[in-house]
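Computed from a predicted model, the values in this text were never measured in an experiment. Starting from 1, each residue takes its place in the sequence as its number.
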Amino acid sequence: MLDGVPEERIVCSDRGRARQTAELLGLRPARFDPRWREIDVGEWGGRPAAEIDAQGGGLTNWRGGPRKAPDGESWEAFAARVADAVDEL
């Protein structure tokens, strides 16, 4: 499926759902790396966007901006984490 990509360069998030998706695609990641996880939205996890927006600021101020959920990861920290993983490849 990833013709020409060396097997040792196939990396996957360590989350179970990412592992399952890789398996469904017939991929065998060489390693699982938590830096490839999605952004940690903290207390916003599993809540509808309208509910979060009602608390002020809106999600549009979150993506790529300074706003973050309580106990969540900032966009800046997320971008740095993923950039580090990309640079390693």
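- Using a 4.0 Å cut-off between a side-chain N of Lys or Arg and a carboxylate O of Asp or Glu, E23 and R28 do not qualify as a salt bridge.
- Under the ring pair (Phe, Tyr, Trp, His ring centres under 6.0 Å) criterion, no residue pair touches residues 14-34, with sequence neighbours excluded.
- Under the 4.0 Å criterion applied to side-chain N and carboxylate O atoms, E88 and R31 are assigned as salt-bridge partners.
- Here the closest non-hydrogen pair linking S13 and R19 is O-CG, 4.3 Å.
- Across all their heavy atoms, R47 and I52 have their closest contact at O-CD1, 4.1 Å.
- Scanning both residues, G42 and D40, for their nearest heavy atoms gives N-OD1, 2.8 Å.
- Side-chain atoms of V86 and W36, non-hydrogen and from C-beta on, do get closer than 4.5 Å to each other.
- Here the side chains of D84 and R35 are in contact, with some heavy-atom distance below 4.5 Å.
- Counting heavy atoms from C-beta on, the side chains of L89 and V11 come closer than 4.5 Å.
- We find the CD-CD distance between E38 and E73 to be 9.5 Å, quoted to the nearest 0.5 Å.
- Taking every heavy atom of both residues into account, V41 and A69 meet most closely at O-CB, 2.9 Å.
- Taking each heavy atom of K68 and S74 in turn, the nearest pair found is CD-N, 3.8 Å.
- The two residues F78 and R37 come nearest to each other via the heavy atoms CE1-O, 3.8 Å.
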